[in-house]
Structure formats: C-alpha cells, structure tokens
Amino acid sequence: MSRYDPAQSEPKWQQAWDAAGCFAARHDPSRPKYYVLEMFPYPSGRIHIGHVRNYTMGDVVARYKSSCGFSVLHPMGWDAFGMPAENAAMERGGHPKDWTYGNIAVMRDQMKPLGLSIDWSREFATCDPEYYGQQQSMFIDFMEKGLVYRKAAVVNWDPVDMTVLANEQVIDGRGWRSGAEVERRELTQWFFKISDFAGELLEAIEGLTHWPEKVRLMQANWIGKSRGLQMGWALTAPHAGTDRIEVYTTRPDTLMGASFLGISPDHPLARALEAERADVAAFCAEARKGGTTEEAIETAEKLGFDTGLKVRHPLDPTWEIPVWIANFILMDYGTGAIFGCPGHDQRDHDFCVKYGLPIVDTFLPAGGSWDIGAEPYVPQKSETVRYTRGFAGAEVQTGEEAVDAAIAHAEANGYGTGVTKYRLRDWGLSRQRYWGCPIPVVHCESCGVVPEKKENLPVRLPDDVSFDKPGNPLDRHPTWRDVSCPVCRGPAKRETDTMDTFVDSSWYFARFTAPHARTPTDLAEAGYWMNVDQYIGGIEHAILHLLYSRFFARAMHVCGHLPAKSVEPFNALFTQGMVTHETYSTRGKDGRPVWHTPDEVTRTADGATLADGTAVEIGPVIKMSKSKKNVVDPMDIIARYGADTARWFVMSDSPPERDVEWTASGAEATQKHLARVWRLAAEIEVRGGTDTREDAALLKAMHRTVADVTAGIEGFAFNKAVAKLYEFTNTFAKSDASAAAKTEAMLTLAKLMSPMVPHLAEEVWAMLGGAGLATTAPWPKADPAMLVEDRVTLPIQINGKRRAEISVPKDMAASEVEKIVLADDAVNKALDGATPKKLIVVPGRIVNVVI
RNA sequence: GCCCGAGUGGCGGAAUGGUAGACGCAGCGGAUUCAAAAUCCGCCGCCGCAAGGCGUGUCGGUUCGAGUCCGACCUCGGGCACCA
C-alpha cells in the first residue's frame, strides 16, 4: 500500500477483531467490569448522522476502558415497537413486523462497517417474542406486587375515525387524518404505580452525582413535591349525592381571596349536572375539545360555566362562593377541583376578569401597594409580604411561613389537613395499538381480570392482521381475542391494549446482561455487569425514559429480578446534543406542509428549490426527525471516505453535549488528516534525524499529549482530545527526532487515536511493528516528570488590559517578578514617572499594574 | 403557558475569575509542477496607513481583572406524561 486505503484496510481489521474475539463481553470476576451503553435506536429505516455520533462516543469510551484493563460490556439492540411501523403498514401496505425486521437488517448492515466495538452476540429487538414474553412475565410479577392497576384516564379521541390519537397525531387540535376536532375522552386504562416511589425517586436524585445537573433538576421538578392543604367545601345544598367538594391547594394562605370554586368537566358533580341539564352538557362537550397535552390545556382559551351551585367558605359560613366548571381543570390532576384566587394567580385573574368575578387581595408587597384589579401580585413564596386578609400567623411574613400557619390553622379548626403531594402521575401504559407488547391479561365473564399463566407466555401478536381501517386490529381479531379463562376455562376475552413502548426501553439495559436467559434476568450476570457505568443518550430523554427506567429498576428489584445495588441502574449519564438540520417544506393541495429531505433540496444564495425549480420554504434548525425529513444519510460519507473519517469527523469540533448542525463540508479535510498521519508513519525511516535534543522535545510533547487526550476522553471532551491529537501531529511533522524516537511517538499517537479511528490505528501499529493489535494494547501512561514546565510566560496587564509579557522561571518569588515588571519598558511608559496604585502578582499566572 | 438549556471571528469551537479566539474548516498569499492534483510554508476577529481603539446576544452590577459571578431582558433549542 503506497497510500492509506480505508476501503481495503477497514474490513481487514474488522475481521481481525472478530477472529480475536476482541469485543465479546467476558464475565471475568478477576477483572473490574465496565458497562457502557448508548440508548438503543428505533429502527426507522436507515442510520443517520446522529446515530454515528452517539455510537462513536460510546465506542470511544468502550475501547478506552478496555485498554485500561476493564472487562467491557458494550451491547446493541433495537427499540423496535412503535407507531411508525403501523403507519408504514397503513401507507404502503405490508406488515409492521416485516417493515421493522427489514429496517433492523438494513441498519445493522450500516452499523457494522463503522467498526464499533460491540458484542453483537447479545443483540435483540424488543419486538422479539423472547424479549416481550419476559416483559409480560414481569408485568404479571408487578400485578402480584400491587404495582399495576386500572383506572379511567383521558385520551385524544378522533370522533370521525373513532380512534385514539397520539399527541403527535393531533395538529392544531385536529386529527391528522380526519381533520376532525379532537376531544378528550375517558377510557379505562392500565397504570403502573410509579407514584408509590415518588418520594424515593426524588430523594435518590441526590445520589446521582455523575448525572448532569440539568437532568437532575428536570427530574426533581417533574416529580414536583409540594406541601399543601386538602379541604372540603360544603355545598349550600347537596346535589346528586354530593355534599362537599374536595380541593387541594398549595396556597392555603390565600383562602380569603377565593372568588370561585372550579371543577373539571369530568368531576362527578359535573357529570351529574351534565346528565340533567342540556346547557351543562353543551358546555362540557365544548370544554372537552382539544388535545390532552399540558401545553394544549395551558395555552387553550380558558372557558368557564357557572353551575349556579354554591359552596360555603370554610372560614365564614355566611360567605357563599359560586361553583364553576372550567376547561383547564383536569380530573387526572389532584382532586379535579380548585379554588380560584385571582389576586395571586395569573390564570385565575384572567378567568375572573373574563367572567366578572370579584378580585381581592390577601397580601400586598411588605412596604408598598399593588393594583390587584389590573394585575395579580405573584411574588416568590420566600418573599416577605404583608397580609391584608390573613387569618393565621403574623401580618408580615413570608409566603412559606403563611402557608405553614394556614395549614396549622386548618388542622386546629378541623376544616382541612396538611398533605404532601407530588406532581408525578401514575404511568399510563395502555395503548390502543397493535405493534406493541400485548398486556398478558384476560377478561373473564365470571372471574374478572385474570393474568395469563406464565407457562402460556409469550402472548404473541397475531400475524394475520390488516391496517386498512383505523383502530386497533387486535380489537377486531376474534380468533385471537376470544379465549378461555386461565382460571375457570369459561369464555373470556384477551386484553387488546398493548404496552407503551417506554416499557420496552425501561429494562433492556438489564436484559443485555443475560440476553438469552429464560427469566427476565439472570441474577449472577446482572450482579456482575450491573450497573451501567456510563449511559449515553439524547437530552430529549432527560425526563420520561430515565425516570421510567429508574422506576422499573426498583420494581424489578421488588420482584427479585435485579439486585438492590441496581435500583439506580445508571451510575453515570452523559446527554449528548442532538444533530440538527434546517427543515424544508412546500405546501400540499390541502395547504398542509409537505416535507423534503436535504438531498432533494438545492440551497441557493437567496433560498432553496427542488430539482424541478419549485421554491422551498426553509424552516427552523431542529433535531433531525423522520417526520420532518431533515435527516442526513451518513452512508455516502462512509462509502466515499471510510468509517474512520466519519468517526473522526463527528468527534471533532463540536463539544459532545452540544447540538451540532450538520454541514457536509469538512469530511474531505478529515480524510486528508488521516492520510497525513499514515504518511508520517510510513516516512519515519527515510526522514529520521539524529538530534537527541529533538528526541527529548518530541517525547516531552508526547507525554503532554497522553495526559491531555486521556483527560479529554475521561471528561467527555472528545473535541478537545481531537484538537490535542492534531497539535501533536503537527509537532511530530516538524520534528527532526531520531527514527527510534519517532517510532515510539507514532506508536503512542496511533494508540491515542485508536478509540476514534481504530482501523487507521491498527494499520499504523502494524506498519511500525507494534506488538499484537492496537485495539488490545494497554493505554499509555504519561510520565509526570515529563509534564513539568520550568519557565512560564506572564502577561502584564495595565489597568486590566494586556500590554506586555515576560518569561520567568515557574517558581520565581512575587517580589522578584515585581522588580522585573517595574523595569519593563511598557510599564514605565504607562507609569510616566508615577508610582502604581497597586501591583497584583498572581504567581505563575498574571501581573496587573493598577495606575 | 410551565420546567430545563444554549448564545464567542465567515463557520464548528477553545479559554481553574487572570494573554479572548487553542485546534479544525473556509478564505487569501507563496513554494513545488509544463500544468493540475497531491503536498509543503505563511497570513487570517473588526475598524484604522499607523499609533491605537472596539470586541464573547442586550442592558446594568460585583471585581485590580468578567466569555466565566450576580440581576433584568432578547433570541434559539429540548421536554411537557400516546413521537421515540
């Protein structure tokens, strides 16, 4: 080979690694283990550049840790259930299973040439019956431990297609296919009792010291612990069996500012009125319009309806307050009822202005006034305020003190109880869809809800289904649906809901430790390999996936599937940024956007067009997603330049935690750099010099680089590690050191580069006679003696601006430095004969002369 | 609307409160070449002939010294429980 040829080199080394079994995870109790895991991909069809970035990061860590002597587990699998497979079946025909396994085959074939150090023998897909059967088995275990129950919960209902919609299928409040106004409808659904663990999940965040602070904050806010007052408001006249309305409030200190009592359209009292009165029914129907997301509810126009009913104020029985039904109150949250205090809440203020309800203040700024009618006064709870209509505690106190005093007052006087609540709601796992893990339960006419017998698992998805009409094919599949009861053998029906795909991804990390076990996990394997030492994934999973996994690990421990040490399954978390790209759209006949991929679009100076010249609207730079088609295919880069170029490119430049906007330029330059390293290695014998001072300088730079690159990898600063490798390559190229020194330096450079560009590293390693494979060679150690610098350059600032610099021995005393500084020309010129007001010498760093 | 981030040259970015712009890309100039490719050398924040001045989203503050700390705001991105 007269020049570096990745097309020839890369497959050769991949075969060599396979033959040597380099990446097989070995359960070896004599060695420390290291489990590195990247969030597994959804098999969307092809890998995109974000995958390359994500998996290369994990690979760098895996290869580095392996070189440091750890027994490494680095597996790969597929998050294979989910809606896109069903959408594909609806749009193009075919079966979700074929589409999914076809995509997996393509993506696996695309990933293998990347040369990732993955133990492919552990691969599985969550849609494999072997996997989801074990998940069903755990579902039954969870049922036995009381962690599963059913209750009514709202869904997005498309009244035309008569089907449940996912949030992303609701666009501007309308169904994506039918265009009908979506309504919120209640359905009986399955839930995991994650709320049982709310307090623990919150407290344990403190121990997640190797997680990003932002993720810990987001999780803590999501769980949302609050202390408040639960209280009953008595109706002046009982109605339909209801004589009081339960309300929870975190601001009981504002009780005297209550203007109305609001209830959800799904509150039992509202339901009763709805059945009796046409006007209430009409309002409730209107109030239920729109999607279920918190965003949709928070931003929708606030609507209210005065029921005419009244409740008595708990602090003043003669004070009667109207009961309204309001569209922004959800039955799922708290008690489904609130008291409205317009003086100190923006939403309640808007509502009262709109419907002409009274607005009074309960507190004002401690030393000032406020026009409460114009704007609510909403200070931090920690702020001290003056109570104008207080009933507990001091007149001037903080909100926090006042809340505590109000709770104490309520408990002493018997009208309410202090309660700790969490924002976290139970995990609704029911999906009215086909392509998911069947919930292993049977509904028997006489026995009720009965779990399937474990020996009958997995409950397999039937293959003979069609997607020619909306709704869940399982619902209209009589031979699958009609079964006999596992208990009494009588007629029964299978549960047709399948599980949320977040369930699949909540324990796959544990399954990787024993992917073929006949139980969900093998405790001996889990005991060795768990926990995941380094988990890597997108920040978009900061809350749901990670919180659900934390819950699942606890539930699995309760059921004996994980050791106690694994209730927090991820020791360290790194959230990499997303790969973003601008979006391109044209308008379809119906006026809705039609998205285009970057390779369909030609960018021009003043815009963008399709191949046929149609003008394209350039949308915002957002995360790459299939639905918006702003995805870039990395395969042509790999085909053209090789995997190492793709790997090096995604690790350089951008810090890994940051979003990176993909641009095509730069791959060419990366390729040149890698070819240069190869050439420098090949030319060593020819150009080697003999100057021993040059040898010492090169080896000193080498040790500096070992230290910097090691720190870079340990600290997830891959871009900085790459910069140091560039720097050292430049030093090497200019060096006149001996062939022996250059060989040593180049072997070290190859090893330092090997986590990022393993194929090139092997090629260089072999060329220079390195022992064995570069991949299995130990990681180099920097000699501390070689890292010491004896002189430093000190910048001299005058009034904080740099004016000169001096070179001094590293440990020179401050008094000596001062003498040199005061003798400096630039300093004397600035002083102009005067004495400095102040002379600040920070040893080894800087000098500042204040004039 | 609520929670969490991010804003530094033409571009990606670097910088324990201590020389802003390491390293890379792009660009410009040169060497080599019949020519090109490849390679090598040099320049490269903005204004200015220069001296010098100005510069890290905006405004204000703390400090001998602020990209970094504090306060207010602007813009962009992520999440908001059925996208994964």
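Here is the naming used below: chain letters follow the sequence lines, and residue numbers restart at 1 for every chain.
- With sequence neighbours excluded, no residue forms a side chain to side chain donor-acceptor pair (under 3.5 Å) with A:Tyr422.
- With a 4.5 Å cut-off on side-chain heavy atoms, A:Phe716 and A:Ile536 count as touching.
- Listed pair A:Lys214 / B:G5 fails the phosphate criterion, with no side-chain N or O lying under 4.0 Å from OP1 or OP2.
- With A:His673 as reference, A:Tyr726 is the one residue of A:Tyr726, A:Phe649, A:Tyr641 to meet the ring-ring contact (aromatic ring centres under 6.0 Å, His included) rule.
- Legend: residues meeting side chain to side chain donor-acceptor pair (under 3.5 Å) with A:Arg53, ordered by chain and number and at least two apart, are absent.
- Residues of residues 183-196 of chain A that place a heavy atom closer than 4.0 Å to RNA chain B, in numerical order, are A:Gln189.
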Both distances under 3.5 Å, Watson-Crick or G-U wobble: on that basis, could you give the dot-bracket string for RNA chain B, with [ ] for crossing pairs and | for other-strand partners?
-> (((((((..(((.....[....))).(((((.......))))).(((....)))..(((((..]....))))))))))))....
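- Rounded to the nearest Å, the gap between the P atom of B:G55 and that of B:A66 is 12 Å.
- Of the candidates A:Val155, A:Leu330, A:Asp266, A:Leu330 is the only one forming a side chain to side chain contact (heavy atoms under 4.5 Å, CB included) with A:Arg184.
- Mapped onto RNA chain B by nearest heavy atom, A:Asn730 and A:Ala80 fall at different nucleotides, with A:Asn730 at the one closer to the 5' end.
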So which protein nitrogen or oxygen atoms get under 3.5 Å of nucleotides 13-16 of chain B's nitrogens or oxygens?
from	atom 1	to	atom 2	distance (Å)
B:A14	OP1	A:Asn719	ND2	3.2
B:A15	OP1	A:Lys720	NZ	2.5
B:U16	O4	A:Arg845	NE	3.2
B:U16	O4	A:Arg845	NH1	3.3

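- The gap from the C1' atom of B:U68 to that of B:A50 amounts to 34 Å, rounded to the nearest Å.
- Proximity of A:Arg676 to the phosphate of B:C40: a side-chain N or O atom is located under 4.0 Å from OP1 or OP2.
- For B:G65, the OP1/OP2 oxygens have no side-chain nitrogen or oxygen of A:Asn799 closer than 4.0 Å.
- Checked against salt bridge (Lys or Arg N to Asp or Glu O under 4.0 Å), A:Glu818 has no partners two or more places apart in sequence or in another chain.
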